Amino acid sequence: MDAFTAGLLQRIKTTESDLEHARETGDDFLAEVELAELEDLHRLAAEHGVEVAVSPS
């Protein structure tokens, strides 16, 4: 795995965790921000052929 792929997958994992935390604490604004970031990261992964395991929501 190259550095780009590893970094991208780590960013996705971190953003998923941050999104879950925002939802758990009831921070709707932060949850929306994290969700938008996650969508952007998934789009970037798809554009570069990086497979991302889907986490249960």
Side-chain angles (χ1 to χ4, degrees):
M1 178 180 312
D2 63 25
F4 173 79
T5 300
L8 182 57
L9 293 174
Q10 181 59 46
R11 286 182 62 196
I12 289 171
K13 182 178 177 180
T14 299
T15 303
E16 287 173 339
S17 176
D18 292 346
L19 174 58
E20 181 65 26
H21 182 261
R23 287 177 172 165
E24 287 173 356
T25 60
D27 189 336
D28 294 336
F29 177 75
L30 182 57
E32 288 295 321
V33 170
E34 296 297 346
L35 185 57
E37 176 71 10
L38 190 58
E39 290 170 350
D40 286 344
L41 291 170
H42 278 271
R43 179 190 48 76
L44 185 61
E47 288 176 358
H48 291 275
V50 176
E51 288 189 35
V52 179
V54 177
S55 297
S57 299

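Below, all heavy atoms of this structure are taken into account, side chains as well, without hydrogens, waters or symmetry copies. Keep in mind that this is a model prediction, so the values were computed, not measured.
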Point-to-point distance, once rounded to the nearest 0.5 Å, from OG1 of T15 to CD of Q10: 9.5 Å
L38 reachable from V33 in the ILVMFWY side-chain graph, under 4.5 Å edges: no
Short N-O contact, E47 and R43, less than 4.0 angstrom: yes
Sole candidate of L30, D40, L19 that passes side chain to side chain contact (heavy atoms under 4.5 Å, CB included) when paired with L35: L19
4.5 Å side-chain heavy-atom contact, L8 and H48: no
Within 6.0 angstrom of E24 CD, more than 12 heavy atoms from elsewhere: yes
Hphob cluster co-occupancy, L41 + M1, side-chain heavy atoms under 4.5 angstrom: yes
Distance in Å, E16 CD paired with H21 NE2, rounded so as to fall on 0.5 Å steps: 16.0 Å
Smallest separation among heavy atoms of A31 and A22, with atom names: N-CB, 3.6 Å
Salt bridge E37-R11, side-chain N to carboxylate O under 4.0 Å: yes
